[in-house]
K.L.:
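Mind having a look at this structure? Questions to follow.
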Protein chains: 2
Amino acid sequence: MADGARPVTLQSIAKELGLHVSTVSRILNGPAATGARAASTATADRVRRLAAELGYRPDPHATGLRTRRSNLIGVLVPRMSDLVLAMIHEGIEEAATAKGLSTIVVNTLDRPETRRARTDMLIARRTDGLIFGDARVEDDFLAEVAARGTPFVLVNRHSADHPSVTCDDWLGGRLAADHLLGLGHRDVAIIAGEPHASTGVDRVGGFLERCAEAGVPVPGDRIAHGGFDTAAGRAAADRLLAADPAPTAIFAVNDFAAIGALGAARDRGLRVGEDLAVMGYNDTPLAAELPLPLTSVLSSTHEMGRRALAMLVRILAGERPPSERLRPVLTARASTGC
Amino acid sequence: MADGARPVTLQSIAKELGLHVSTVSRILNGPAATGARAASTATADRVRRLAAELGYRPDPHATGLRTRRSNLIGVLVPRMSDLVLAMIHEGIEEAATAKGLSTIVVNTLDRPETRRARTDMLIARRTDGLIFGDARVEDDFLAEVAARGTPFVLVNRHSADHPSVTCDDWLGGRLAADHLLGLGHRDVAIIAGEPHASTGVDRVGGFLERCAEAGVPVPGDRIAHGGFDTAAGRAAADRLLAADPAPTAIFAVNDFAAIGALGAARDRGLRVGEDLAVMGYNDTPLAAELPLPLTSVLSSTHEMGRRALAMLVRILAGERPPSERLRPVLTARASTGC
DNA sequence: ACGTTTGGCCCAATCGTTTGGGCTATGATG
DNA sequence: CATCATAGCCCAAACGATTGGGCCAAACGT
């Protein structure tokens, strides 16, 4: 506390105590090993005490300049207003804080130019590493970033063999299919999300695989692509439900899209959970609390974020950790008649 | 592009061109005024060309060390998984990018210790200024931060006379009351959110004021406090609807709380829009797309974020801009029978 | 023809830390 | 008693950019 004018630096502490700045530096920050050799315990105590009293905080600019490490991690997400990404970021931040790192988050809006510009900016800021939450199925840009030598991991979506932490979306898709098939549905439709996101692609893939195993065909016109948000979900459901006969169940690869589907169903006078089964994905906090609780598949977003950061830290330390897939869990609720 | 080993610095450019580093610095960055006096246009061109070719990016650590500016803004929010804050942040980020600034966002979870720790960290990182999205009605901490000399603005919630950009929540509350009164409701209830947030307090205040003007009393047991999320909204609505007689309309100060109320109403067999009117606040993208579209009051979150950043920039420039209140707009939908 | 301006640069200090080497007593060792 | 290790410090050179002053020559004014 109690500064006001002059910032407190190693210099000021050193002078105050009649020591050399390097001595103070080693005491305050050096690894215990060096610290021990650097000064007597008595001196070290005096230094630490004064530093605490003065509220000394090393200048990250100076440190960064010298060490070439900023302790900053860049996080790129399509947009933070997507709840899933916001929760992942909370996990990232939690883990980062524990490691003394901070994050700079940027919204790329899933737009290549924005993404490139923001990535450039993050690298120009000398972030130590990046976490991409907006990987695309075919993603040359990532290879480019890798070639430039910037360490990064992917989260939520995977791409090629770049290190990533994701939910096992393929399995999640299978679980979803399993659930609907178990309820007796034989004519199911999918709101598939954007084709460039592995999340959607895998969920659909797993779903279709399971359906195929059960001998239930899902023709192409039962699959509607589009965005991950409510409006897109509503539009997609409108298309699907316009068919005659209409499907008896809809699997949306995202809770918000599922909510849109609920709206579309209602507009058609369908009773969801009876005439039509609807399920989502991610098990957002909202899903359980909706007027009509939504069956959904939980992907542990928070945990994904934490692990992504942990993985990045390992990479920064020179390791080459393998990608991770988290286990999804299905929770059945009223929207599928449970 | 095309580096690989040695980072490109002013030095490397200067040496390559047989110039002095200071000359290169002035050309590349100095204000046009100095730039002109710094070198001939021919030299300036050569420098700029080479810099571009080599992909020179000034080292922010070095710059920051020298200039004592990091071009980083710290943003503190209760949590980014609150859609309202996420959207505000998008606005902040947009405006920040345009000014060459970046943001470090942290979640304070509305917890004082977390908040203090994260603020310390942001200051230790030498952020140029802070934006608080988690101001409290009685907030000594802000005074403390101000006393330490850290420039900041508040966004979304105001407190004391600290500079802030908020929605005119009082007016918003009045609009809400106006709407319900206009529909003939004379027994209304409020899901009021947390008492430490000015958003909730003001919305309730304006609402009550308008009701009083209309001669419609709203007794204390018609006001339920709690969180801003769906679960809290459901719990609050459960309490309110348990009364006999039950209110005919509920004003929730937040869309998510309103969604919870929708659930509670449904569980009681009430037809929202007919037996019971429910309205929210913020006009989240979700509100219009819900199975039962929600009447809500729009607070331009994006704009709020942009303005908050603009205001902070002015403060950093030494000005003392006045606080701003943005105009809310009510949109009537099916949940109030429209 | 001889100041004086000024265009075009270069010098060097500085910001705060980190870190590979000293340097000097003191105590232990042979 | 000479030698050596060691504890406990100090020195100084970075890191990369910024910035108030020079300094020199060419152009200009009278």
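In the text below, chain A, chain B and the rest are named by the order of the sequence lines, each starting its count at 1.
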K.L.:
What is the distance, to the nearest angstrom, from the CZ atom on Arg57(B) to the C1' atom on dC15(D)?
P.N.:
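Rounded to whole Å, this separation is 20 Å.
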K.L.:
How many whole angstroms separate atom CG of Leu19(A) from atom C1' of dC11(D)?
P.N.:
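Answer to the nearest Å: 14 Å.
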K.L.:
Work out which heavy atom in Ala14(A) is nearest to a heavy atom in His20(A); give both atom names and the distance.
P.N.:
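Ala14(A) and His20(A) have their closest heavy atoms at CB-C, 3.8 Å.
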K.L.:
Could you state the atom-to-atom distance from CG of Asp59(A) to C1' of dG16(D) in whole Å?
P.N.:
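Value for this atom pair: 14 Å.
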K.L.:
Between dC9(C) and Ser40(B), is there an OP1 or OP2 to side-chain N/O distance shorter than 4.0 Å?
P.N.:
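So the side chain of Ser40(B) is within the cut-off, an N or O lying under 4.0 Å from OP1 or OP2 of dC9(C).
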K.L.:
Pick the nucleotide of DNA chain C nearest each of Thr41(B) and Arg126(B); which residue has the one closer to the 5' end?
P.N.:
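The residue closer to the strand's 5' end, by nearest nucleotide, is Thr41(B).
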K.L.:
Measure the distance from CG on Leu17(A) to P on dC10(D) and round it to the nearest whole Å.
P.N.:
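To the nearest whole Å, that distance equals 10 Å.
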K.L.:
Please report, rounded to the nearest Å, how far the P atom of dG16(C) is from the CZ atom of Arg125(B).
P.N.:
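Distance, rounded to whole Å: 18 Å.
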K.L.:
Please determine, for the side chain of Leu10(B), which listed nucleotide (dA17(D), dC10(C), dC9(D)) has the closest atom?
P.N.:
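Of dA17(D), dC10(C), dC9(D), dA17(D) is nearest to the side chain of Leu10(B).
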K.L.:
Would you tell me if any nitrogen or oxygen in the side chain of Arg68(B) comes within less than 4.0 Å of OP1 or OP2 on dG16(C)?
P.N.:
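Answer yes for this pair, as a side-chain N or O of Arg68(B) is under 4.0 Å from OP1 or OP2.
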K.L.:
Please walk me through it: do His158(B) and Ser323(B) pass side-chain hydrogen bond (donor to acceptor under 3.5 Å, both in side chains)?
P.N.:
CA-CA 9 Å; His158(B) 58 82; Ser323(B) 290; over 6 Å; no
K.L.:
With no angle test and no hydrogens, is the base of dG20(C) tied to the side chain of Arg26(A) by a donor-acceptor pair under 3.5 Å?
P.N.:
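In this structure, the two groups form a donor-acceptor pair.
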K.L.:
On the nucleotide dC9(C), are OP1 or OP2 found under 4.0 Å from the side-chain N or O atoms that Ser22(B) carries?
P.N.:
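It does not, given that no N or O in the side chain of Ser22(B) lies less than 4.0 Å from OP1 or OP2 of dC9(C).
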K.L.:
Do you know which two heavy atoms are closest between Arg68(B) and Pro7(A), and how far apart they sit?
P.N.:
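Where Arg68(B) meets Pro7(A) most closely, the heavy atoms are NH2-CG, 4.0 Å.
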K.L.:
Mapping Gly18(A) and Thr67(B) to their closest nucleotides on DNA chain D, which lands nearer the 5' end?
P.N.:
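It is Gly18(A), whose closest nucleotide lies nearer the 5' terminus.
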K.L.:
If you check the Pro58(B) side chain, which of dG16(D), dT17(C), dA17(D) turns out closest?
P.N.:
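Minimum distance to the Pro58(B) side chain belongs to dA17(D).
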K.L.:
Which one of Arg115(B), Arg79(B), Arg157(B) satisfies the salt bridge (Lys or Arg N to Asp or Glu O under 4.0 Å) criterion with Asp110(B)?
P.N.:
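Testing each of Arg115(B), Arg79(B), Arg157(B) against Asp110(B), the sole residue satisfying salt bridge (Lys or Arg N to Asp or Glu O under 4.0 Å) is Arg157(B).
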K.L.:
Would you say Glu138(B) has more than 12 foreign heavy atoms packed within less than 6.0 Å of its CD?
P.N.:
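No, the 6.0 Å shell around CD holds no more than 12 heavy atoms from other groups.
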K.L.:
NZ of Lys15(B) versus P of dC10(C): gap in Å, rounded?
P.N.:
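Rounded to whole Å, this separation is 14 Å.
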K.L.:
Take the protein atom NE2 of His61(B) and the nucleotide atom C1' of dA14(D), then report the distance between them rounded to whole Å.
P.N.:
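Taking NE2 of His61(B) and C1' of dA14(D), I get 16 Å after rounding.
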K.L.:
Is the shortest side-chain N to carboxylate O distance from Glu113(A) to Arg116(A) below 4.0 Å?
P.N.:
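Judged by the 4.0 Å cut-off on N to carboxylate O distance, Glu113(A) and Arg116(A) do not form a salt bridge.
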K.L.:
Below 4.0 angstrom, N of the basic side chain to O of the carboxylate: do Glu303(A) and Arg307(A) qualify?
P.N.:
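So Glu303(A) pairs with Arg307(A) through a salt bridge.
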K.L.:
Base contacts versus sugar-phosphate-only contacts with protein, heavy atoms under 4.0 Å: please encode nucleotides 22-27 of chain C as B, S and - from 5' to 3'.
P.N.:
B-----
K.L.:
Can you measure from CE (Met80(B)) to OG (Ser81(A)) and round to the nearest 0.5 angstrom?
P.N.:
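It is 9.0 Å, given to the nearest 0.5 Å.
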K.L.:
Nearest of dT17(C), dC10(C), dA17(D) to any side-chain atom of His20(B)?
P.N.:
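Comparing dT17(C), dC10(C), dA17(D) against the side chain of His20(B), the answer is dC10(C).
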K.L.:
Is any side-chain N or O of Thr23(A) closer than 4.0 Å to OP1 or OP2 of dC10(D)?
P.N.:
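So the side-chain polar atoms of Thr23(A) do come within 4.0 Å of the phosphate oxygens OP1 or OP2 of dC10(D), strictly under.
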K.L.:
Taking only the side-chain heavy atoms of Leu65(B) (C-beta and beyond), determine which of dC10(D), dT17(C), dG16(D) contains the nearest atom.
P.N.:
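Nearest nucleotide to the side chain: dG16(D).
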K.L.:
Specify the separation, in whole Å, of atom CG of Asn71(A) and atom P of dT17(C).
P.N.:
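After rounding, the gap between these two atoms is 14 Å.
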